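These notes are about the structure you will find just below.
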Amino acid sequence: MSYIVSTRHVSKEYKGKEVVSDVSMNIERGQIYGLLGPNGAGKTTLMKMLLNLVKPTSGEIEMFGEKLMPGSVELFKRIGSIIEYPIFYEKMTAVENLELHCEYMGFYNKHAIQEALERVNLTSVDGKAVGEFSLGMKQRLGMARAIMTKPELLILDEPINGLDPVGIKEFRNLLRILSKEYRMTLLVSSHLLGEIEQVADTIGILQGGKFIREMSMQDMRSEQTEYIEIVTPH
Ligand code: ATP
């Protein structure tokens with residue numbers, strides 16, 4: 001089986017403290033993979049390692065079947081991501097920000113910019129500076145930027161933060177579209193099972209840096225598992 005993402009015994013230490021411990025995880029092409037875990041579980045650190053932003057202390061990572069190396073720049077043209085809070089030029093409009101990103105990526109396509117803005121319902125705010133956007137609008141613009149080049153893999157760190165209930169519903173629909181129509185593989189983190197269970201095919205659970213379980217959503221639903229209790233704050 002060839003995987004889009006494959007980690008083998010990946011760990012990360014900060015000042016002698018292991019924040020990601022011995023994680024072996026595989027994501028198949030076309031999957032929506034939910035990475036679930038409470039605050040501080042190590043989700044962001046794991047995602048940063050997949051994006052080559054942070055170097056593992058030990059273990060190996062393969063992306064698209066290629067071993068991730070410090071100079072693996074080309075691989076990242078195939079990946080879109082939102083890690084932590086998306087940052088924009090606040091005095092520029094949404095379109096100007098996306099145009100700038102296109103330039104940086106060496107890709108310019110006016111149609112792709114419009115299509116991405118339509119997908120996230122941000123066409124009506126054109127002309128407004130991004131500094132005037134709400135948190136939810138910035139999250140949606142971050143999503144437009146991440147999907148604009150139609151990457152094969154999209155890595156989204158807690159993308160639902162800042163969205164209202166309507167926004168969350170729209171976001172889930174967007175994930176389905178990206179998966180079904182654009183055939184993207186998606187890795188989406190969350191600290192709440194309820195946010196991603198409706199769309200995820202597989203769930204991996206991180207707790208205290210350890211990967212405690214990986215299972216299909218179907219199995220999780222039928223199992224009424226105790227792990228749901230562990231990760232769902234009440
Ligand atoms: P959250 O949902 O709160 O963002 P998370 O699951 O994404 O949590 P991480 O952000 O990966 O978790 O953090 C895991 C642990 O690693 C935390 O205890 C955090 O304080 C620590 N950590 C993360 N980055 C660093 C760093 N650069 N230096 C030191 N410790 C760090």
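The structure presented is a predicted model; accordingly, all values stated were derived computationally and were not measured. Start at 1 and go down the list; that is how both ligands and their atoms are numbered.
- For ligand 1, the atoms closer than 4.0 angstrom to any heavy atom of V19 are 15 (C), 16 (O), 21 (C).
- Scanning the protein heavy atoms around atom 3 (O) of ligand 1, the nearest turns out to be N39 ND2, 3.2 Å.
- The closest side-chain donor-acceptor pair between E60 and H9, if any, does not fall under 3.5 angstrom.
- Pairing each heavy atom of S6 with each of R8, the nearest pair is OG-NH1, 3.8 Å.
- Residue contacts with ligand 1 for S189 are absent, since no atom lies close enough (heavy atoms, distance under 4.0 Å).
- With T57 as the partner, the side chain to side chain contact (heavy atoms under 4.5 Å, CB included) test is satisfied by one option alone out of E13, M49, E18: E13.
- Shown here is R183, whose CZ atom has no more than 12 heavy atoms of other residues, nucleotides or ligands within 6.0 Å.
- Below 4.0 Å from some heavy atom of Y14 lie the following atoms of ligand 1, by number and element: 22 (N), 23 (C), 24 (N), 25 (C), 26 (C), 27 (N), 28 (N), 29 (C), 30 (N), 31 (C).
- Atoms of ligand 1 found under 4.0 Å from any heavy atom of P38 (numbered from 1 in listed order, with element): 6 (O).
- Close N/O approach between D157 and ligand 1 is not found [any backbone or side-chain N/O within under 3.5 Å].
- Counting only non-hydrogen atoms, the option in G40, G208, G209 that gets closest to atom 1 (P) of ligand 1 is G40.
- Shortest non-hydrogen contact noted between V199 and I32 is O-CD1, 3.5 Å.
- At the top of the distance list for atom 10 (O) of ligand 1, counting protein heavy atoms only, stands T44 CB, 3.6 Å.
- Comparing E158, K17, K43 against atom 5 (P) of ligand 1, the shortest heavy-atom distance belongs to K43.
- Those atoms of ligand 1 that come under 4.0 Å of a heavy atom in T45, given as number and element, are 9 (P), 11 (O), 13 (O), 23 (C).
- A cation-pi contact links R78 to F64, judged by a cut-off of 6.0 Å to the six-membered ring centre and 45° from its axis.
- The shortest contact between atom 12 (O) of ligand 1 and any protein heavy atom is with G42 N, 3.1 Å.
- The protein does not reach atom 19 (C) of ligand 1 closely, with no heavy atom under 4.0 angstrom from it.
- In the model, Q31 has no side-chain atom that pairs as donor or acceptor with a side-chain atom of Y3 under 3.5 Å.
- Within a 6.0 Å sphere centred on OH of Y182, other residues, nucleotides and ligands contribute more than 12 heavy atoms.
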